[in-house]
Amino acid sequence: MFIIVRLNHGEHRFRDLRTSQSVAFRELFVSGLAVVFVSAALVVNFALLVAVAAGKLARLEGATYPAAVMRSATAFAAVLTLAATVTGALSAILK
């Protein structure tokens, strides 16, 4: 994955925008480890969102707090399990 940034990022002024200067760009290499960490954080955030929604829906349904927390934990674990299963299946297919 590559991110393109300007070499002189943040150094322009409004009067410089009127001139037609060539802009130099360079590529920044984003390591595979960074992609893995960002993907893992995204999956955990999605799992937390699903868990909160499941707990809220359980409370609106009239469940007690311990029952709502158990439903929330079950939903969190289910999302993480599904993500791990999909990752395993994709890695087996792409190898």
Side-chain angles (χ1 to χ4, degrees):
M1 177 183 299
F2 293 97
I3 299 173
I4 309 295
V5 295
R6 292 179 62 157
L7 288 178
N8 59 350
H9 177 69
E11 296 177 8
H12 66 275
R13 302 283 185 258
F14 288 113
R15 59 180 153 72
D16 295 335
L17 294 176
R18 287 181 273 146
T19 62
S20 60
Q21 299 173 355
S22 64
V23 179
F25 288 95
R26 67 175 174 195
E27 295 179 356
L28 292 177
F29 179 71
V30 178
S31 69
L33 186 61
V35 173
V36 169
F37 281 145
V38 169
S39 301
L42 193 67
V43 168
V44 169
N45 282 336
F46 181 70
L48 285 173
L49 182 67
V50 169
V52 168
K56 181 65 178 173
L57 287 175
R59 279 299 293 159
L60 288 175
E61 192 178 65
T64 62
Y65 281 110
V69 169
M70 285 301 296
R71 288 186 194 178
S72 189
T74 303
F76 182 77
V79 170
L80 289 183
T81 303
L82 180 63
T85 304
V86 168
T87 302
L90 285 177
S91 67
I93 289 172
L94 295 177
K95 263 190 176 177

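Tyr65 and Val52 end up in different hydrophobic clusters when Ile, Leu, Val, Met, Phe, Trp and Tyr side chains are linked at under 4.5 Å. Note on Val43 and Leu48: same hydrophobic cluster, where clusters join Ile, Leu, Val, Met, Phe, Trp and Tyr whose side-chain heavy atoms are under 4.5 Å apart, directly or indirectly.
Between the Ser72 side chain and the Ala51 main chain, a donor and an acceptor come within less than 3.5 Å of each other.
For Arg71 against Ala54, the heavy-atom pair with the smallest separation is O-CB, 4.2 Å. Phe76 and Val44 get closest at one heavy-atom pair: CE1-O, 4.2 Å.
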